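As the structure is a prediction and not an experimental result, all values here were calculated from the model.
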Amino acid sequence: MEILVRKPFFLNFKKVPTALKILCDDISGSLVLTESLNKLISLVRTKVDEALLNSMMQFYDPLLHCFTYRDFQLIPTLEEFSHLLDIPIPDQIPYTGEEGGPKLEDIVAALHLPRAEINKVWVNRRDYSGIPVDFLYEKAEIFYKALSMDALESVLTLLLYGQVLFHRCDKVVNRAAIKIFLSKNPVPTLLGDLLHSIHARVSKRQGCVLGCIPLLHKWFISHLPRLVIRNEEGLTWIQRIMKLSYGDTVWHQKEFEGTHAENFDYDSDTTRKKGRFIKAWYEVKKVGIRDLGLRNYIPSDLYFRWIYDRVVEFGIPYAFDTPIVPRVTPPVIPVEVEPYVPAPDEDLATTVACLRQEKADLEKRLREVEAEKAVLVGDAKERDGMLDYFSRKWKIEDFISPDQIHSWEQEIE
């Protein structure tokens with residue numbers, strides 16, 4: 001069967017404002033902030049590769065609401081976003097848009113600002129309403145110089161909510177972002193925001209994807225093997241993604257063994273079915289490991305066959321010389337293994353628990369070291385750039401315009 005290949009399309013992505021990057025670098029470089037705030041600031045520092053994101057979008061399947069690859073599918077989950085941001089999902093209904101605007105007294109208490117100041121600067125336009133971004137930048141600078149840490153962290157967190165997590169307007173942090181900031185439950189809305197925007201833009205094959213783009217970038221990179229990221233073959237992103245297979249992909253199931261699963265029926269048509277969307281959240285049930293039982297992480301041959309048929313039907317962008325063959329699982333040959341017999345004085349359960357804890361501690365330490373390494377590499381590059389800058393042999397032309405020099409020469413003559 002001939003595989004239909006769709007024509008590529010290119011989307012834009014909402015960028016993090018440069019002014020916010022500078023502010024976060026200044027503050028985090030000289031003050032010790034809370035771990036949760038540092039996690040949010042890490043999104044600002046994420047170098048988003050739009051070529052990678054546009055390559056991702058070519059594989060989005062509007063019918064199945066997921067990214068469909070050669071023999072597997074990917075879609076962000078609540079657990080993954082919660083893990084990447086280190087923000088838990090509380091037992092409450094997330095923001096739906098039906099709650100009304102945030103209360104002034106709640107904003108005043110959260111930002112440690114006088115009521116009169118919030119009232120004075122509050123913007124209420126036809127297209128948007130909220131707190132001006134310039135006002136929040138000004139307050140952040142004041143609190144930074146005064147070392148008012150509680151107020152500074154609150155204002156900076158609200159800026160991150162309004163200009164990174166839920167960036168809709170460049171001029172203000174809008175009512176929705178403020179409401180979610182006060183609720184401290186951003187993860188479900190982040191997931192819904194991104195999925196809805198991706199679905200809408202890919203369906204139209206044009207436009208700007210809204211939502212937290214750095215988080216989307218970090219999520220996808222976390223599933224890529226190191227060889228694909230290093231790219232020693234010098235391939236484009238689209239070529240690298242076409243080569244991905246189920247066995248190559250990094251899966252995170254071990255990190256969520258002790259967490260919950262949530263049954264949620266996602267529907268991207270929120271305009272027509274918003275009522276059903278809100279009602280569905282009241283029916284979400286958290287299910288523990290004991291209720292789920294043992295998980296089977298190995299897909300069946302029927303699944304691989306189904307994915308193959310979907311790739312052919314939808315025209316996922318694979319080169320004609322890239323073989324797409326449904327996987328066939330080889331027969332399992334049972335191997336007789338002598339059962340392990342613990343020593344009479346050995347507590348097997350305790351030994352297994354200790355080994356699992358030791359493994360978890362080592363994996364956590366590895367992630368921390370890799371994160372520290374990334375920061376050090378970034379700092380080293382920045383220092384090299386500054387060293388190169390200050391080691392230049394400056395000339396008068398670097399500081400004074402040619403017209404000014406010419407004018408002085410005429411005066412001297």
Side-chain angles (χ1 to χ4, degrees), residues 1-13 46-77 80-81 83-84 194-195 198-199 201-202 205 209 213-255 296-330 366-367 370 374 377:
M1 182 186 298
E2 183 181 357
I3 298 177
L4 172 68
V5 180
R6 296 179 300 155
K7 292 183 179 179
F9 57 90
F10 299 95
L11 305 177
N12 297 317
F13 301 90
T46 301
K47 294 182 179 180
V48 175
D49 189 338
E50 292 198 11
L52 166 61
L53 295 179
N54 262 307
S55 299
M56 278 178 60
M57 296 304 141
Q58 312 304 313
F59 296 85
Y60 181 78
D61 189 337
L63 177 64
L64 302 180
H65 302 292
C66 67
F67 297 97
T68 298
Y69 302 102
R70 179 201 305 269
D71 58 0
F72 68 99
Q73 296 165 298
L74 269 182
I75 194 69
T77 65
E80 286 180 306
F81 275 16
H83 176 75
L84 288 171
L194 271 171
L195 293 180
I198 290 171
H199 183 85
R201 295 300 106 213
V202 173
R205 302 170 71 82
V209 177
I213 302 304
L215 181 59
L216 177 67
H217 187 277
K218 291 182 73 170
W219 166 78
F220 187 65
I221 286 291
S222 71
H223 284 283
L224 296 182
R226 293 175 182 268
L227 288 175
V228 172
I229 296 175
R230 286 202 299 262
N231 190 26
E232 296 175 352
E233 298 175 322
L235 303 176
T236 64
W237 273 116
I238 197 72
Q239 291 171 328
R240 284 182 267 177
I241 294 176
M242 280 194 297
K243 285 189 170 186
L244 283 178
S245 182
Y246 169 81
D248 305 324
T249 309
V250 179
W251 302 102
H252 302 314
Q253 66 268 17
K254 292 297 181 184
E255 297 175 3
N296 180 10
Y297 300 120
I298 302 175
S300 66
D301 292 338
L302 291 176
Y303 173 79
F304 289 124
R305 182 76 228 184
W306 177 64
I307 292 295
Y308 169 73
D309 291 340
R310 182 58 190 159
V311 167
V312 174
E313 174 189 357
F314 185 55
I316 303 297
Y318 287 96
F320 288 109
D321 59 349
T322 303
I324 305 176
V325 181
R327 177 179 306 203
V328 177
T329 305
L366 176 61
R367 290 194 295 270
E370 288 178 343
V377 170

Point to revise | Ile221 and Asp49, any side-chain heavy atoms less than 4.5 Å apart | key: no

Review point. For the atom pair NZ (Lys218) and CD1 (Ile213), what is the distance rounded to the nearest 0.5 Å?
Key: 14.5 Å

Practice item. Please check if the distance between the ring centroids of Phe220 and Trp237 is under 6.0 Å. Key: no

Check your understanding: Quick one: does Ile238's side chain get under 4.5 Å of Phe59's, heavy atoms only?
Key -> yes

**Study point:** Partners passing side chain to side chain contact (heavy atoms under 4.5 Å, CB included) against Pro225 (at least two apart in sequence or in another chain)
**Key:** Val228, Leu244, Asp248

Check your understanding: Any side-chain heavy atom of Val48 within less than 4.5 Å of one from Leu216?
Key -> no

Practice item. Any chance you could lay out the side-chain contact (heavy atoms from CB on, under 4.5 Å) test for Tyr303 and Tyr246, step after step, and finish with the verdict? Key: CA-CA 12 Å; Tyr303 173 79; Tyr246 169 81; over 6 Å; no

**Study point:** Parallel, tilted or perpendicular: rings of His65 and His199 (30°, 60°)
**Key:** tilted

Check your understanding: Relative to the ring of Tyr69, is the ring of Phe67 parallel (under 30°), tilted (30 to 60°) or perpendicular (over 60°)?
Key -> parallel

Exercise for review: Nearest 0.5 Å please: distance from the OG1 atom of Thr68 over to the CH2 atom of Trp306.
Suggested key: 7.0 Å

Study note, to complete from the structure: Taken to the nearest 0.5 Å, the spacing of Met56 CE from His217 NE2 works out to 9.0 Å

Check your understanding: Got more than 12 heavy atoms from elsewhere within 6.0 Å of CD, Glu233?
Key -> no

Check your understanding: Looking only at heavy atoms, what is the nearest atom pair of Leu74 and Cys66, with distance?
Key -> O-CB, 3.6 Å

Check your understanding: Quick one: are Arg201 and Phe9 in side-chain contact, heavy atoms under 4.5 Å?
Key -> no

Point to revise | Atom CZ of Arg226: over 12 foreign heavy atoms under 6.0 Å | key: no

Revision key, fill the gap. Only one of Asn54, Leu53, Ile198 passes side-chain contact (heavy atoms from CB on, under 4.5 Å) with Val209, and that residue is Ile198

Check your understanding: Counting distance only, does the side-chain N/O of Arg205 pair as donor-acceptor with the main-chain N or O of Lys7 below 3.5 Å?
Key -> yes

Check your understanding: Which residue pairs pass the salt bridge (Lys or Arg N to Asp or Glu O under 4.0 Å) test with at least one member in residues 57-67, sequence neighbours excluded?
Key -> Asp61-Arg310

Point to revise | CZ-CG distance between Arg240 and Leu227, expressed to the nearest 0.5 angstrom | key: 11.5 Å

Exercise for review: Apply the test side-chain contact (heavy atoms from CB on, under 4.5 Å) to residues Leu224 and Ile241: give CA-CA distance (whole Å), side-chain angles for both, the deciding distance (0.1 Å), then the verdict.
Suggested key: CA-CA 9 Å; Leu224 296 182; Ile241 294 176; 5.6 Å; no

Practice item. Would you please name every residue forming a side chain to side chain contact (heavy atoms under 4.5 Å, CB included) with Leu302, sequence neighbours left out? Key: Ser300

Practice item. Under the side-chain contact (heavy atoms from CB on, under 4.5 Å) rule, what do Leu235 and Lys243 come out as? Steps first, then yes or no, please. Key: CA-CA 11 Å; Leu235 303 176; Lys243 285 189 170 186; 3.9 Å; yes

Point to revise | Distance-minimising heavy-atom pair for Leu195 and Pro76 | key: CD2-CD, 4.1 Å

Review point. Between Thr249 and His223, which heavy-atom pair has the shortest distance, and what is it?
Key: CG2-O, 3.4 Å

Check your understanding: Distance from Phe304 atom CZ to Ser245 atom OG, nearest 0.5 Å?
Key -> 7.0 Å

